[in-house]
Amino acid sequence: MRRGGSGLALAAVNNKQIAKVFEDIADLLELKGENVFKVRAYQKAARAIEQSPTEVEQLVKEDRLRAVPGVGEAIAKKTTELVQTGKLEYYEKLKAEFPPGLSALLDIPGVGPKTAMLLSKDLGITTVDELEKAIVAGKLAQLPRMGEKTAENLLRHIQALRRKTQRIPIGQALPLVDEIFARLRAVPGVRNLVPAGSLRRFLETVGDIDLMGTADDPKPVIDTFTTLPMVNDVLGKGTTKASVVVSGGLQVDLRIVDHDSFGSLLQYFTGSKQHNINLRQRALRQGLSLSEYGITVVETGKLEKYATEEAFYQRLGLACIPPEIREGTDEIDRAAKGKLPTLVEPGDLKGDLHVHSDWSDGRASIETMVKAAKDMGYEYVCIADHSHGRGIARGLNRDRLEEQLAEIEKLNNSVKGIRILSGMEVDIRSDGALDMPDELLERLDVVTGSVHSGLGQSQDQMTARIVTAMENPNLDILGHPTGRLMPDREAAAVDVEAVFRAAKRTATMLEINAMPSRLDLKDTHIYRARELGVMLVINTDAHSPEHLALSRFGIGIARRGWCEAGDVANTRSLPELLKLIKPKGKK
DNA sequence: GCCGTTTTCGGCCCGACTGTTTTCAGTCG
């Protein structure tokens, strides 16, 4: 990243920042009363750019910007200006047309562009605080189409907005859903309980939870749901759906429908929004109109119901698209051409290559961890304790590592049905050196290298440090590559593209760390790594036997990155896995 | 502003709710 006071300095602009500019532009154009389709074009481009697995800076360099869906001539030109100069004149001019802060009014549910402009023009309101004061002073009712009820609702929404809880990580949401479902399954006649929305698509955080199900009689299911022990507040309760707030402030919606229309409903509520828009656009060309109720043949007006998503997609000439990739990129085209990936599944994993024991900071003995791995049905497991640089984690020095190797050998003779691989999660020191002599690392089956200290290094330093480590022929896997720890620690400044290219060159695998607080190799990272032909590995970083089951999170995020079993090293049988490690010239 | 298995122009997803209306505009998911 370059710094400097001069306007000539090139600003590094990341995808998120570019997307934010286009979202802002969409808001401002909306306020301006521009053509809604133009507004939507900016919104669509913003989303596509945010989700782009490749940094836009890279795309500009390679002149591939137009390949991003929704980016045409005008937006490509603006993006290029933004990347090259760090500024966008069009945006600056547009912003100057409105009082600052006005678009923040759009965050209030119930306030759209028309209302925001009305408030600004007639009452001079440009901030949320001013709006609140005006409502309390009873000034709102004098405006056209604004009654007492509207004022009351707006006030409530403003207050709710202030205490709104943040999106919660999927690592917290999923166990909560498990618990709710366990209780709802006890109700007779209930079937098909599944989460929908962002949770089903396995987004790393969710804003609320949508649950779906079918039942012979919805009433007892709804009743059970609204009286669950974790429910703090019931927002609404009807014959087929209910909304509650659970402890922690998270909203959970449950919808119970007939068995025969479940497919279209689930499809609709799974989203994503852009996926559904694209799907409907395509359906219209086939003379079909889609809704949550089913598929309507436009010509005859006849509604067809679908009990399963498979049948729903099939009617449109498509294979059923896995929820994790329904993000409105090119998944529909791929489905139409029969070129959907066969995504990796939990049952594909044959081992875990990053497991700690009580030799360092794990909570269980090697034997206990190994038996737990065997219970998972694994063929192999790799003990990877910390190196001594991690003093706080009781990292192993060379003597204790020697002892541990002897212990593993002993256990391999006594424990049957699973192979214990020797390994280590060795610290990558600040200069890129590994925290254990090469002659010892050479003797290990699998070596994972991780950055645990000096996380504040500059991007150039951090990138060079990691690349240096990967150039060590003894390093097989780069552990938790960006170091993000939710919710407190941001990813380290690292040039992901450069690291991935170095991984390819040095045949180093990248770890998809399944620990829900990490998941630091993100969906877009995974997609890009695959594109570059980098081998991935899904590990849990388990510190106790229960942690081994967290692999579900690694699988979920890998699926969002379009990962197939072949992209993941630990879906291979042991001999095949060892072949992947060999080419680095060890032993 | 984007985009093309009818189109380089003329379209652009769908249904529901709310509050204010006397037939609907605005907003949401």
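Order of the sequence lines fixes the chain letters, A, B, ..., with proteins taken first and strands second; residue numbering starts at 1 for each chain.
- When the P atom of B/dC14 is taken as reference, atom CG of A/Leu288 falls 11 Å away, rounded to whole Å.
- Across all strands shown, B/dC17 pairs with B/dG26; the Watson-Crick or G-U wobble distances both stay below 3.5 Å.
- The pair A/Arg552-A/Asp178 meets the salt-bridge criterion, with a side-chain N (NZ, NE, NH1 or NH2) lying under 4.0 Å from an Asp/Glu carboxylate O.
- Listed by residue number, the members of residues 72-81 of chain A with any heavy atom below 4.0 angstrom from DNA chain B are A/Gly72, A/Glu73, A/Ala74, A/Ile75, A/Lys78.
- Contact between the side-chain N/O atoms of A/Tyr293 and the OP1/OP2 oxygens of B/dA16 is found at a separation under 4.0 Å.
- A/Glu310 and A/Gln314 share no side-chain donor-acceptor pair at under 3.5 Å.
- Side chains of A/Ser247 and A/Asn232: no donor on one and acceptor on the other come within 3.5 Å.
- In this structure, the CE atom of A/Met212 is 11 Å from the C1' atom of B/dG29, given to the nearest Å.
- Aromatic ring orientation, A/Phe22 versus A/Tyr42: tilted (interplanar angle from 30° to 60°).
- As rounded to whole Å, 15 Å separates atom P of B/dG1 from atom CG of A/Leu65.
- Note: CD (A/Glu148) to P (B/dT21) measures 13 Å, nearest angstrom.
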Which pairs of donor and acceptor atoms, one on a side chain in residues 100-129 of chain A, lie under 3.5 Å apart (sequence neighbours left out)?
{"from": "A/Thr127", "atom 1": "OG1", "to": "A/Glu130", "atom 2": "N", "distance (Å)": "3.1"}
{"from": "A/Asp129", "atom 1": "OD1", "to": "A/Arg162", "atom 2": "NH2", "distance (Å)": "2.6"}

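- A donor-acceptor pair under 3.5 Å links the side-chain atoms of A/Glu331 to the main chain of A/Thr329, judged by distance alone.
- Remark: the backbone N or O of A/Met212 is not paired with any side-chain donor or acceptor of A/Asn192 at under 3.5 angstrom.
- The existence of a salt bridge linking A/Glu497 and A/Arg501 is confirmed by a sub-4.0 Å separation between a basic side-chain nitrogen and an acidic carboxylate oxygen.
- When heavy atoms are screened at a 4.0 angstrom cut-off, A/Leu290 is found touching the sugar-phosphate backbone but no base atom.
- Between the side chain of A/Thr85 and the main chain of A/Leu82, no donor-acceptor pair closer than 3.5 Å is present.
- Atom CD of A/Glu148 is surrounded by 12 or fewer heavy atoms from other residues, nucleotides or ligands within 6.0 Å.
- Taking atom CG of A/Asn153 as the reference point, atom C1' of B/dT27 lies 12 Å away to the nearest angstrom.
- Between the CZ atom of A/Arg280 and the P atom of B/dC3 there is a distance of 20 Å, given to the nearest Å.
- When distances are taken from the side chain of A/Thr115 to each of B/dG26, B/dG15, B/dC2, the shortest belongs to B/dG26.
- DNA chain B lies under 4.0 Å from at least one heavy atom of each of the following residues of residues 260-278 of chain A: A/Tyr268, A/Ile277.
- A/Val68 places none of its side-chain heavy atoms less than 4.5 Å from the side chain of A/Ile75.
- Checking side-chain atoms of A/Arg183 against main-chain N and O of A/Thr224 turns up no donor-acceptor pair under 3.5 Å.
- If you check residues 100-112 of chain A against DNA chain B, the residues with a heavy atom closer than 4.0 Å are A/Ile108, A/Pro109, A/Gly110, A/Val111, A/Gly112, listed by number.
- Although no hydrogens or angles enter the test, the distance criterion places no donor-acceptor pair under 3.5 Å between the side chain of A/Asp258 and the main chain of A/Asp260.
- The stretch residues 19-39 of chain A touches DNA chain B through A/Asn35, A/Phe37, A/Lys38, each having a heavy atom within less than 4.0 Å of the strand.
- Rounded to an integer number of Å, the gap from CZ of A/Arg40 to C1' of B/dC3 is 14 Å.
- To the nearest whole angstrom, the two C1' atoms, one in B/dG26 and one in B/dT20, are 11 Å apart.
- Nucleotide B/dC28 holds its P atom 15 Å from the CG atom of A/Asp208, rounded to whole Å.
- A/Lys237 and A/Asp223 are joined by a salt bridge, as a carboxylate oxygen and a charged side-chain nitrogen come within less than 4.0 angstrom of each other.
- Closest to the A/Ser289 side chain, of the nucleotides B/dC13, B/dC14, B/dG19, is B/dC14.
- Rounded to whole Å, the C1' atom of B/dT23 lies 24 Å from the corresponding atom of B/dC13.
- Evaluation of the ring pair (Phe, Tyr, Trp, His ring centres under 6.0 Å) rule for A/Tyr527 yields A/Trp562 as partners, not counting sequence neighbours.
- By the 4.5 Å heavy-atom criterion applied to side chains, A/Glu92 and A/Lys95 are counted as neighbours.
- Checking A/Tyr90 against A/Thr296, the closest nucleotide of DNA chain B that is more toward the 5' end is the one next to A/Tyr90.
- Contact annotation: A/Gln281 side-chain N/O to B/dC12 OP1/OP2 distance is not under 4.0 Å.
- Across all strands, A/Gln43 comes closer than 4.0 Å to no nucleic acid atom at all (heavy-atom distances).
- B/dG19 and B/dC12 have their P atoms separated by 30 Å, with the value rounded to a whole Å.
- Here the separation of B/dC14 from B/dT21, taken at their P atoms, is 30 Å to the nearest Å.
- Taking atom C1' on both nucleotides, B/dG1 is separated from B/dT8 by 15 Å, rounded to a whole Å.
- Annotation: of the two residues near DNA chain B, A/Gly70 and A/Arg145, the 5′-most nearest-nucleotide partner is A/Gly70.
- Between B/dT18 and B/dT7, the distance separating the two P atoms is 43 Å to the nearest Å.
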